Structure formats: structure tokens, C-alpha cells
Amino acid sequence: MTETPRGTASPTPQRPPYALTIASSDSGGGAGIQADLKTMTRLGVYGGSVLVSATAQNSQGVDETHVLPTAAVRAQFDAVHRDFDVGAVKLGMLATADGVKTVADCLQDYDGPIVVDPVMVATSGDRLLETDAIDAYTDLFAQATLVTPNADEAAELTGVVPDSPETVRAVAERFFDWGVDAVLLKGGHVETTDGTVVDSLVTPDETTTYTNSRIDTEATHGSGCTLSSAIAARLAHGDDLSSAVQHGIAFTHAALSSPADVGTGPGSVNHLVGIEDGWTPRDETE
């Protein structure tokens with residue numbers, strides 16, 4: 001017979017790295033702040049959040065978007081910033097020009113790494129960013145450690161489609177003109193002849209490419225949010241940018257390779273990938 005332990009157990013406090021996502025809610029759970037927090041937790045980071053807007057969406061599309069007042073956005077950021085040691089910030093869907101400007105203003109006194117995912121359109125095709133908000137991004141880009149646009153977002157922001165080494169560099173140079181430190185141009189929306197996806201990390205000094213097999217799946221919902229928040233999580237751990245990007249790509253590729261079959265739509269990336277086996281992306285990159 002096993003006796004029940006008596007008395008008071010002493011806790012063992014942990015001090016995980018802390019990262020902050022400033023983005024919008026996805027009620028279906030596959031993208032947005034929900035995907036960011038799942039990713040950060042999966043990668044050993046305590047995640048906080050600043051909600052900019054709430055979307056009513058599921059695996060089939062976006063039904064409605066409710067934008068929070070900018071005062072509420074600022075109050076959330078101030079509450080987190082004065083209490084937590086924020087190791088990295090990830091920015092996702094900011095909805096409006098006022099939202100972009102408010103977040104840029106909030107981050108004026110923050111000196112840690114900032115990863116900007118300029119979310120404009122959902123995987124379902126629903127537009128998530130007001131057209132006049134694109135111009136407002138310029139001030140925000142000046143504060144960015146890394147910007148992670150896909151080919152469509154890069155083309156809308158710069159007028160250049162990044163479908164070759166030369167155009168990738170041309171797009172990056174435009175971002176550098178806005179003050180960005182580095183650009184990760186995601187290749188998922190660029191067709192290749194050999195069935196691969198090529199992501200390009202561009203800095204003023206060099207370009208590093210990451211090539212992976214293209215996964216034949218429509219369950220890509222949340223892939224961009226997952227990648228950018230994974231990079232922010234690794235930056236919060238203290239990784240350098242190149243290592244953080246490598247680990248972020250490895251985790252996202254794994255999450256796409258074993259998607260979550262949820263909802264009646266195409267499904268979502270799987271933030272629980274490998275958890276039963278104790279796998280993390282560092283197992284493949286180290």
C-alpha cells in the first residue's frame with residue numbers, strides 16, 4: 001500500500017526566457033496570437049501577449065474582425081513592459097494604420113530584438129491589413145531586427161517580386177533603406193522546378209539560403225506566425241540571428257510535415273509535433 005505524502009512541498013522556481021507577441025487573435029487557434037503562444041511554449045519560452053484585434057475565424061476563413069482601441073493596446077504593452085524582462089518581441093497582424101503607429105510608438109524605448117511578420121492576407125485569402133496601414137509600416141521597420149515577409153507581402157511592400165537571387169537582393173535593399181537590420185524572404189509562395197522551398201536570410205553583408213523539400217499540403221494555416229514566433233523564441237533564448245532563423249525554419253518545416261487535422265477546412269500547422277518523443281528543432285540543427 002502506497003502512503004500519501006504529507007506536509008508542504010517546496011516549489012522549484014524556474015526562470016524561462018520571456019517573449020512578447022503583439023498581434024491579433026485567431027479564434028480557431030491555428031494562427032495569430034494563439035499560434036505564437038503555442039510556439040513559444042513549445043520552444044521553452046514564457047510568452048506574453050498584446051492583443052491588437054480579435055478575429056472571428058475558423059479553418060475555412062475569417063468572418064469578422066474587431067479592432068481594439070489604441071489606448072487598450074498601449075495599456076497592455078505598458079503593463080507587460082514594466083513588469084517582465086522581455087527577451088524578444090514578435091509582431092504579427094496589426095490590422096490598421098493606427099495600430100501600426102501605436103505599436104511603433106510603444107517600442108521606442110525597447111532595445112531587445114524585434115521580429116516583424118507583416119501579415120496582410122490570411123491563408124484563406126481574406127485580407128487582414130487595411131490598405132492605408134502599409135505606408136505606416138515604414139517607421140516600424142526602422143525598429144526591426146528582422147522582417148519575415150512572404151513573396152506576396154514583399155511584392156506589395158516594395159513593388160518587386162522576389163523570385164530570383166537578384167530580385168531577392170533588390171527587395172532586401174528596399175527594406176534596408178527603411179532601417180531594417182535583416183530580412184528573411186520566405187519562399188513558400190515562389191514556385192521552383194525541383195520541388196523545393198528556398199528561404200533567404202539577407203543582411204547588408206551576406207545572403208544565406210535554407211532549402212527544404214516542398215510539403216504537399218494545404219494545411220499551412222499559421223505557418224508564417226509560427227516561423228516568426230519561433231525565431232523570436234530562440235532570440236529570447238540568446239541565439240544569434242542566423243541560429244534563431246535556422247531553428248525557426250526547422251520547427252516550422254516539422255509542424256507542416258505533420259499537420260493538425262482540425263476543423264472542416266484544410267487544417268493547421270501542428271505546434272505539438274514531436275512532443276510525445278521529446279523532439280525539438282535543435283535536435284536536427286545541432
Side-chain angles (χ1 to χ4, degrees), residues 23 31 90-97 99-101 103-104 113-215 220 222-232 241-242 244-246 248-249 252-253 256:
K90 177 265 167 113
L91 307 182
M93 199 270 275
L94 303 181
T96 66
V100 175
K101 292 174 182 176
V103 170
I114 300 172
V115 179
V116 180
D117 184 16
V119 181
M120 297 180 179
V121 179
T123 303
S124 61
D126 294 289
R127 188 166 187 87
L128 298 173
L129 184 72
E130 292 184 358
T131 303
D132 64 351
I134 295 175
D135 292 337
Y137 262 112
T138 303
D139 290 339
L140 190 58
F141 288 153
Q143 299 164 263
T145 304
L146 178 70
V147 176
T148 63
N150 61 35
D152 296 338
E153 291 159 350
E156 185 155 2
L157 287 162
T158 69
V160 179
V161 178
D163 56 2
S164 69
E166 294 75 21
T167 52
V168 163
R169 189 74 204 185
V171 167
E173 291 292 347
R174 182 65 181 273
F175 280 100
F176 297 151
D177 289 342
W178 287 322
V180 172
D181 292 341
V183 184
L184 177 63
L185 285 160
K186 299 177 290 191
H189 290 197
V190 179
E191 294 295 328
T192 58
T193 57
D194 60 357
T196 61
V197 173
V198 180
D199 301 311
S200 301
L201 174 62
V202 189
T203 69
D205 299 322
E206 63 180 348
T207 299
T208 304
T209 57
Y210 306 85
T211 303
N212 286 287
S213 58
R214 185 177 294 275
I215 301 166
T220 60
S223 56
C225 302
T226 298
L227 175 57
S228 54
S229 55
I231 294 170
L241 182 61
S242 177
V245 168
Q246 185 180 13
I249 290 173
T252 306
H253 189 265
L256 283 164

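Index from 1, following the sequence. Keep in mind that what you see is a predicted model, and the values were worked out from it rather than measured. Keep in mind that the numbers below use all heavy atoms, side chains included, and drop hydrogens, waters and symmetry copies.
Smallest separation of non-hydrogen atoms from Ala182 and Thr203: CB-CG2, 4.0 Å. Among all heavy-atom pairs drawn from Trp178 and Leu157, the shortest one is CH2-O, 3.4 Å. When all heavy atoms of Gly92 and Val119 are compared, the pair lying nearest together is C-CG2, 4.1 Å. Across all non-hydrogen atoms, the minimal contact from Arg169 to Val202 is NH1-CG1, 3.3 Å. Taking both residues in full, the closest heavy atoms of Thr148 and Ser228 are given as OG1-CB, 3.8 Å, listed atom of the first, atom of the second, then distance. Here the closest non-hydrogen pair linking Ile231 and Gly248 is CG1-CA, 4.2 Å.
Distance check, rounded to the nearest 0.5 Å: CG of Asp117 to CG of Leu94 gives 9.5 Å. We find the OG1-CG distance between Thr226 and Leu256 to be 8.0 Å, quoted to the nearest 0.5 Å. Atom CG of residue Asp199 and atom OH of residue Tyr210 lie 9.0 Å apart, to the nearest 0.5 angstrom.
Side-chain polar atoms of Ser229 and Lys90 form no donor-acceptor pair below 3.5 angstrom.
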Report the C-alpha separation of Phe141 and Val183 in whole Å, then their side-chain angles, then the decisive distance to 0.1 Å, and conclude whether the side chain to side chain contact (heavy atoms under 4.5 Å, CB included) test is met. CA-CA 10 Å; Phe141 288 153; Val183 184; over 6 Å; no
Does the side chain to side chain contact (heavy atoms under 4.5 Å, CB included) test come out yes or no for Thr208 and Val245, once each step is laid out? CA-CA 10 Å; Thr208 304; Val245 168; over 6 Å; no
Given the rule in the side chain to side chain contact (heavy atoms under 4.5 Å, CB included) test, do Ile249 and Leu227 qualify, once you have shown the distances and angles that lead to the verdict? CA-CA 6 Å; Ile249 290 173; Leu227 175 57; 3.9 Å; yes
Which is it for Leu146 and Leu201 under the side chain to side chain contact (heavy atoms under 4.5 Å, CB included) test, yes or no, and what are the steps along the way? CA-CA 9 Å; Leu146 178 70; Leu201 174 62; 3.8 Å; yes
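In terms of the side chain to side chain contact (heavy atoms under 4.5 Å, CB included) criterion, residue partners of Ala154 (sequence neighbours excluded) are, by chain and number, Pro149, Pro162, Val171, Leu185.
When atom types are taken as modelled, the side chain of His253 and the backbone of Ser213 share a donor-acceptor pair closer than 3.5 angstrom. Thr167 places a side-chain N or O within 3.5 Å of a backbone atom of Val161 that can act as its donor or acceptor partner. At distances below 3.5 Å, at least one donor-acceptor pair connects side-chain atoms of Glu153 with backbone N or O atoms of Asn150.
Evaluated for a side chain to side chain contact (heavy atoms under 4.5 Å, CB included) with Phe175, the options Val180, Asp181, Val116 yield exactly one hit, Val180.
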